[in-house]
Amino acid sequence: MDLGLLLHALIPSSTSVAILAAFFTYLAIVGPILPGKVVSGVILQDGSRLHYRCNGLLSLLLLVALLGMAAKMGYISPTVISDRGLELLSATFVFSCIVTLALYAAGCKSRNQGSSLKPHLTGNLIHDWWFGIQLNPQCMGIDLKFFFVRAGMMGWLIINLSVLARSIQDATLSQSMILYQLFCVLYILDYFFYEEYMTSTWDIIAERLGFMLGWWLLNNKPELTTASVIANCFVFLIGYLVFRGANKQKHVFKKNPKAPIWGRPPKVIGGKLLASGFWGVARHCNYLGDLLLALSFSLPCGISSPIPYFYPIYLLILLIWRERRDEARCATKYKEVWAEYCKLVPWRILPYFY
């Protein structure tokens with residue numbers, strides 16, 4: 001593709017804007033009305049708590065069913081997203097810029113002193129725009145942080161399904177594509193099955209870049225040996241067990257500090273910090289699971305090109321940066337309790353290495 005065609009493909013069309021608008025409108029409508037478990041969030045500094053309706057799995061299944069019926073009846077093309085990938089990418093980027101600028105402007109004008117909406121301004125425009133100035137901004141009663149994390153996970157699956165449809169339509173479905181799609185759908189369904197666990201985590205707001213990897217597989221057909229497939233499955237399984245296990249242990253501990261961990265009473269430092277299970281192995285063991293999962297999404301692409309490994313490399317840099325910030329925050333918050341925890345659990349992410 002020459003530069004002119006590439007630039008033309010990046011210009012958002014009315015169709016790409018309509019697709020994006022329809023997607024967000026659907027989520028805004030079904031989120032508050034579909035049945036789901038209502039979960040209380042963590043207690044904020046002012047003593048308040050947000051409440052989240054965890055109906056993401058039902059919302060996702062209904063969306064896939066509606067899109068499937070629409071495609072079957074000929075109202076939409078199942079490959080519309082993969083066909084307009086670059087347009088949708090640029091439309092989403094423009095939308096993100098508009099939303100974050102709107103949030104910055106709304107935050108600056110806010111006079112609310114509650115923990116969720118109190119503005120935290122540093123005076124540095126770029127810093128405040130990038131990191132945000134409100135903890136839990138809302139729009140028409142919708143918690144935007146929870147909303148956009150959910151939108152990102154659902155969007156990832158819809159992108160993948162469109163890429164899969166294109167692969168089937170072009171008769172280019174490969175073993176690598178099947179493996180990639182399988183890992184992604186298991187991860188996404190697991191996310192929504194345990195959606196309530198996310199209410200107690202400091203989640204990463206980052207694109208999953210599902211389109212990039214799927215698109216790469218459409219245009220490249222790496223051949224995987226049986227040993228490669230088994231190794232890839234092993235990486236995914238270990239990553240999943242560590243990621244899900246660590247987050248579940250933390251969530252359960254916050255709900256019930258006396259609940260057993262790995263069949264034993266939990267070891268707690270200073271009555272605040274869990275030092276059992278995965279959290280007794282490394283201080284950010286859940287990041288290790290996340291990194292292994294990210295790697296497993298890229299491994300089906302083979303090793304002929306570094307392009308598919310952009311996401312795990314990006315995530316590695318992001319998580320190390322985040323881990324450093326988290327360490328500084330915890331050291332300030334817990335003081336000597338954190339120092340004791342660091343002595344007991346010296347490893348940050350990967351035991352015996354980092």
Side-chain angles (χ1 to χ4, degrees), residues 16-42 49-73 75-82 84 88-89 91-92 95-96 99 103 116 136-165 181-201 203-211 214 240 243-244 247-248 251 290 293 297:
S16 61
V17 172
I19 291 172
L20 200 62
F23 175 60
F24 286 124
T25 300
Y26 167 83
L27 292 181
I29 292 174
V30 302
I33 64 175
L34 287 181
K37 183 178 180 181
V38 178
V39 178
S40 299
V42 297
R49 303 180 78 161
L50 296 180
H51 297 85
Y52 303 91
R53 186 179 296 275
C54 295
N55 54 12
L57 183 59
L58 181 57
S59 301
L60 176 62
L61 296 177
L62 178 60
L63 176 60
V64 172
L66 290 173
L67 291 175
M69 288 189 292
K72 185 73 173 179
M73 298 171 68
Y75 292 122
I76 61 172
S77 168
T79 64
V80 64
I81 294 177
S82 60
R84 297 178 177 271
L88 285 166
L89 178 66
T92 303
F95 174 78
S96 301
V99 168
L103 288 174
S116 290
N136 295 295
Q138 299 179 5
C139 179
M140 295 185 293
I142 297 174
D143 183 278
L144 294 180
K145 186 187 295 184
F146 194 66
F147 177 85
F148 284 122
V149 170
R150 176 181 285 185
M153 295 300 291
M154 288 192 187
W156 184 15
L157 180 61
I158 301 305
I159 290 169
N160 280 359
L161 291 178
S162 183
V163 170
L164 178 62
Q181 294 282 350
L182 178 62
F183 289 160
C184 289
V185 74
L186 288 174
Y187 179 76
I188 294 167
L189 290 177
D190 172 81
Y191 172 89
F192 286 112
F193 188 80
Y194 293 105
E195 189 176 28
E196 67 173 280
Y197 290 0
M198 302 309 297
T199 63
S200 60
T201 61
D203 194 27
I204 306 172
I205 306 302
E207 292 183 353
R208 295 289 178 177
L209 302 176
F211 169 77
Y240 172 77
F243 174 78
R244 175 53 58 217
N247 282 324
K248 183 177 181 179
H251 181 80
D290 216 357
L293 286 169
F297 300 147

Residues Tyr240, Phe183; criterion ring pair (Phe, Tyr, Trp, His ring centres under 6.0 Å); working and verdict: CA-CA 10 Å; Tyr240 172 77; Phe183 289 160; over 10 Å; no
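- The backbone N or O of Gly56 lies less than 3.5 Å from a partner atom in the side chain of Glu195, making a donor-acceptor pair.
- For Gln138 against Leu50, the heavy-atom pair with the smallest separation is NE2-CD2, 3.8 Å.
- Taking the six-membered ring for Trp and the full ring otherwise, the centers of Tyr187 and Phe297 sit less than 6.0 Å from each other.
- In this structure, Leu182 CG and Asn160 CG are separated by 11.5 Å, a value rounded to the nearest 0.5 Å.
- Rounding to the nearest 0.5 Å gives a distance of 13.0 Å between OH of Tyr75 and CG of Leu66.
- Interatomic distance, CG of Leu63 versus CG of Leu27, reported as 7.0 Å (0.5 Å rounding).
- Checking side-chain atoms of Asn55 against main-chain N and O of Leu58 turns up no donor-acceptor pair under 3.5 Å.
- Ring centroids of Tyr26 and Phe23 are separated by 6.0 Å or more, keeping the two rings apart.
- Side-chain atoms of Ser82 come within 3.5 Å of backbone atoms of Thr79 as a donor-acceptor pair (strictly under, hydrogens ignored).
- Here the NZ-OH distance, from Lys145 to Tyr52, works out to 7.0 Å after rounding to the nearest 0.5 Å.
- A centroid separation of 6.0 Å or more is found between the aromatic rings of Tyr191 and Tyr197.
- No side-chain donor-acceptor contact under 3.5 Å links Ser40 to the backbone of His51.
- Separation of atoms OG (Ser16) and CD1 (Ile81) is listed at 11.0 Å; rounding is to 0.5 Å.
- The side chain to side chain contact (heavy atoms under 4.5 Å, CB included) with Ile19 is formed by just one residue from the set Leu88, Ile158, Ile76; it is Leu88.
- Looking at Asp190, its side chain never comes within 3.5 Å of a backbone N or O of Leu186 through a donor-acceptor pair.
- Note that CZ of Phe192 and SG of Cys54 are 10.5 Å apart. Values are rounded to the nearest 0.5 Å.
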